[in-house]
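Report on the following structure.
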Amino acid sequence: MAGREVQTVQDVRRHRDARRTGGTDIPVIVRTILSAMRMTFMNLFRKPVTVHYPDKTRNYPDRYRGLLALVYEKDTGEEACIGCRLCEYVCPPAVIKVEMLKSEKRNYAKSFTLELYACEFCELCVQVCPTDAIVMMKSFDMPTTDRRELLLDKDRLHTIGLSFEQSWATGNKLRDMQGPPKAARPVAHAPAAAEAGKPAAEGTTVS
Amino acid sequence: MSIAAPGRVEVDYAGSERLTMNMGPQHPSAHGVFRAILTLEGETVVGVDAVIGYLHRCHEKLSETLTYAQYPSIASKTDYVAAMTSEFAYVRAAEQIGKIEVPKRAQYLRVITSELQRVASHLLWLGTWCLDLGGALGGGATIFLYCIRERELILDLFESLVGARLLYGFYQVGGVRYDLPPGWAKTCRETVDLIDSRITEYERMLEDNPFFMARVQGVGYISRELAEDVGIAGPLLRGSGVNFDLRRADPYSSYDDFQFAVPVETAGDCFARYRVRMVEFRESLKIVRQALDGLPEGPISSRPGLKSVAQTRIPKGEAYARVEGARGEVGCYLIADGSAKPYRMKWRGASFSNLAVLPHIIPGHKVADVVAIMGSVDPVFGEVDR
Amino acid sequence: MSESVMLVLVPFIVMNAVIGIVTYVTLLERKFAARMQSRIGPYRVGPHGLLQPIADAIKLMMKEDVVPTAADKPVYNLAPIVFLVPCMFIFATIPFAPGLGVADLNIGILFFLAISSMEIVGLFMAGWGSNNKYALLSAMRAVNQVISYDLPFIFASLVPVLLAGSLQLGDIAAAQSGLWFVFYPVIGQLAFIAFIASTVAAENRAPFDILEAESELVAGFRVEYSGMKFALIQLGEYTHVLGSSFLGALLFLGAWSGPGPEWLGPVWFLIKAMFVFLLVTWVRWSFVRIRVDQILALSWKALLPMTLLLLLATAFVVVWRTSGGA
Amino acid sequence: MTPAQARTLVSERFPAAQIEPPAEGAPVTVTVPPDQWFALARFAKDDLRCRFFSFLSAVDWKDQGLEVVARLDHLDDRVGLMMKTKLGPGVSACPSITPIFRGADWMEREAYDMFGIRFEGHPDLRRILLTDDWEGHPLLKSYAVDTPHPPYR
């Protein structure tokens, strides 16, 4: 870069000498050295903060965003997921793939795959789920020796849902917390979901 | 790889053979993936060529394919050390175009989280900087571990508020996504007081300590003219004598309700930047206390809860919204075309301009100073490479 | 026959004892440093991490010994040995009890100082042999630093020699049975501080460890070494530090003089050496490293003149003491 | 110096410039033809004293061609100046303002890297974020998302 003048050693030395103070008066040196050493010595008697992870686990706050999981309906015991693909549209890294299984009273999810190795745990899927089907667990232990194991299918997600403690956030709770506190809003999930689903579909043709 | 014209540079050694050394992408003090090709004469650096782009994910193309509801949680990945303020810039740009009003409580929550994030980010800066200066097997590691111990307290606060420790997605166009859980304000006050006392401890370990002062005073001088010319911002700018802080220049999100001082140093060297950030620690903690005391009741978002991906639509228009991040002015220049996705989003990362000043100030220093300067500039490479 | 057997057996025992102490001193330092940083140090291997040094040793022995192709093979392979041998020799002249010791030479301290400055040759060979830019830079820095700090180290350790009037370490220790040299009114404390400062610098321990400054030179001259060679260099470094702390304990803290019966002497000596070692470690974990030109400036402009004046003052004290018949 | 004064100064000096009406919270926005781009930057730095170089980037308006955007700030008087220039359809060359603002050096390299705009007068125009052997400029609208392009080597 011929045009750019470059700082030389003389400039650097000039700036340093102009700003360099202290370093010569002995009492200040002794005082600061002793105060620094006193700090480390004082710390010698503080309790160490290390948590022995595998033996004792840390208590997770109740909003912890850990592993994804699918849950069963409380009363009927069926799968809560109706395959409406809202979570598939909202997922920024597009890791969720859902196929809907139509049937007369309500719909089900034929297949539900979630690539956990690309998931960002941003909790948008939990937030948009109209039937609180997908939730997050209070645990993050997903160590596997093989990436293919992290491609969770529907029953893996259900087993995770049963094996860990569920964290606080579900779709309705989050939306009630965010939405302005009006009277009980007309809770019409199904049509709103279907209508919102359509325009979004062509919008996010993410490869 | 071009270096300065040899004629122009007078060095002590009469033309001794030059050594080209790589402070390569995997270098322990590279603060992430950054490669500096140093041209050395003995211990003195004669030329620097910076190679960046190792962490480039093209956030700007990504933002053209993600809607206004999805992108904030991705925006936190640009400056992953101060994730809250990164989301803030994007969300503020969208609100400025769509003239969306943010309720008072959400503004206070935003102030509390971005100030806590500034303290956490400065703690990581102080820790990694002392680690660079002092070495992993020396005094530097001691201060690093103290800072990490304090930063964990703030991450626990964020974990109980949002659920995540580093990348939150806490901000949303029109407000915030989570409200304070019960008892959070009390633990927050305790943490703030504890960190305040611990910062005096760090200062007692470092303040005019002969070893520390010898390493940082007078090193890496940035003149005010060069600072403005290259566009560096934040603590670096205030370290070079420019009294400019976005929270005071154009007070956004009700920052004018709080009393806080803006530290300005005129020396322009590493020590001045250190002084500015140490004062900013205390000012941010003061803001958090005032915001917690004055936290109003009310909704946390002016738009109904996020129900579907294309719910927020922003009318046609453009805006450049700036936020005072931990490293300087984080800006987001947004062009909306009325649909649910922005037409163009330019991310002005503070670290990109801060890093651009390095080739101008490093030549002439010793190799050990390069590390001290890099640490005091405190670049985060998610924001540099975007 | 018993004489020659003793001649072989005693050094063998002392060397193994030293290696044993050195391995467990690394554990002591890691635990002590961890507590200072509010963490707990090695905990997994053995009860409370007690088997950690053995695990490290075995690991280093099993690790593959990678030799860079462009390395200068003979120099590269010889360097760790040339670095380790002088560090082992320095324990030859240190008596652990009045009679117990390898060889209490009458030029004890002179031998110690001469041999201990030999290790810089091994260090420079390592830096040069591995044909790596970082190693070369660190070797250059090492030569500057160790040489410029050997002088203050020598002058600081000559003060007790003057006070005791003999070079033999045994005599110096015996002379301190009454009053430890560190408790001499002014010159004792100053000499001890100068000794600690130059020990920290001579062995490139922080805050003077620009030799293997991770943030700049990755691992300094050891960057190309792995496996057993790396273990030898590590062993040499810690042996040198331990040797200096033993010397410091002997010169200033009255090696084996302490309350309790006679046979308790070596235990006192070990405790005092550990105290000096922990002092050096405490300094190591409290300060930030300073630049190479500042280190040299500190040595030539500050430490060297100070120790010279100290030596002069000691001479006056000795002359006043002998003439005044005190 | 208030934004209104800045607008009058610019309109006197650059009659050809279109200055957008003042809007609440928006900076002084000036659009000039490309040949006056260098002059406007020089004018902004010297006369308007907007010395703080915030950023420089580009926008691809599909058929209307590329547009280069630069943002300067007057830190003491809190005046922001947004400079724009439309390069016209099919044109991808623009005068460089690196001789005036050293901060523009990397920003222009990034605009070249992402949009393919050749900045004349730039001392060292090469790719900054992508590898040197990368074909195409990603942020152009024509650089479609779906074309199978093996980004990961």
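Owing to the predicted nature of the structure, the values given are computational and were not obtained by experimental measurement.
Annotation: side chain of B:S353 is in contact with side chain of D:M107 (closest heavy-atom distance under 4.5 Å). The side-chain heavy atoms of D:R71 and B:R348, taken from C-beta on, include no pair separated by under 4.5 Å. Side-chain contact between B:Y54 and D:T131 is absent, with no heavy-atom pair separated by less than 4.5 Å.
At least one donor-acceptor pair under 3.5 Å links the side chain of B:K61 to the backbone N or O of D:Y143.
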* Please assess D:K84 against B:E318 for the test salt bridge (Lys or Arg N to Asp or Glu O under 4.0 Å), listing each intermediate value before the final yes or no. => CA-CA 13 Å; D:K84 295 187 180 179; B:E318 68 162 49; 2.8 Å; yes

* To do: Applying side chain to side chain contact (heavy atoms under 4.5 Å, CB included), run through B:R322 and D:D73 and close with a yes or a no.
  => CA-CA 12 Å; B:R322 308 180 297 183; D:D73 274 289; 3.1 Å; yes

* For B:L226 and D:R102, what are the C-alpha separation, side-chain angles and deciding distance, and is it a side chain to side chain contact (heavy atoms under 4.5 Å, CB included)? -> CA-CA 8 Å; B:L226 173 67; D:R102 275 172 286 181; 3.4 Å; yes

* Asked: After noting the C-alpha distance and the side-chain angles of D:R78 and B:D250, does the key distance pass the side chain to side chain contact (heavy atoms under 4.5 Å, CB included) rule?
  -> CA-CA 8 Å; D:R78 319 272 194 271; B:D250 70 43; over 6 Å; no

* side chain to side chain contact (heavy atoms under 4.5 Å, CB included) between B:I232 and D:F53, worked out -> CA-CA 8 Å; B:I232 65 176; D:F53 178 82; over 6 Å; no

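With a threshold of 4.5 angstrom between heavy atoms, D:R51 approaches chain B through its backbone and through its side chain. For D:A58, the part lying under 4.5 angstrom from a heavy atom of chain B is the backbone only. Proximity to chain B is limited to the side chain of D:L130, based on heavy atoms less than 4.5 angstrom apart. The contact between B:R224 and chain D is made entirely by side chain atoms (from C-beta outward), counting heavy-atom distances below 4.5 Å. With a threshold of 4.5 angstrom between heavy atoms, B:V357 does not approach chain D through any atom at all. Neither the backbone nor the side chain of B:A319 comes within contact range of chain D; no heavy atom of the residue lies under 4.5 Å from a heavy atom of that chain. Heavy atoms closer than 4.5 Å to chain D are found in the side chain of B:L237, but not in its backbone.
Ranked by non-hydrogen atom pairs under 4.5 Å with chain D, the options B:L55, B:L355, B:V384 are led by B:L355. Comparing D:P27, D:A23, D:S54, D:G103 by how many heavy-atom pairs each has under 4.5 Å with chain B, the most go to D:S54. Comparing B:Q96, B:E225, B:E228 by heavy-atom pairs within less than 4.5 Å of chain D, the highest count is held by B:E228.
Residues from residues 109-120 of chain D that place a non-hydrogen atom less than 4.5 Å from a non-hydrogen atom of chain B comprise D:E110, D:M114, D:F115, given in numerical order. Residues of residues 30-40 of chain D never come within less than 4.5 angstrom of chain B, heavy atom to heavy atom.
When every heavy atom of D:D60 is checked against every heavy atom of B:Y343, the shortest pair comes out as O-OH, 2.7 Å. In terms of heavy-atom proximity, B:D229 sits nearest to D:I100 at OD1-O, 3.4 Å.
From B:F352, atom CZ reaches atom CG of D:L129 across 6.0 Å, with rounding to the nearest 0.5 Å. Here B:I52 contributes atom CD1 and D:I128 contributes atom CD1; the two are 4.0 Å apart, rounded to the nearest 0.5 Å.
Here D:F55 and B:Y320 bring their ring centres to under 6.0 angstrom of each other.
Remark: the D:S57 side chain and the B:R344 side chain contain an N/O donor-acceptor pair separated by less than 3.5 Å.
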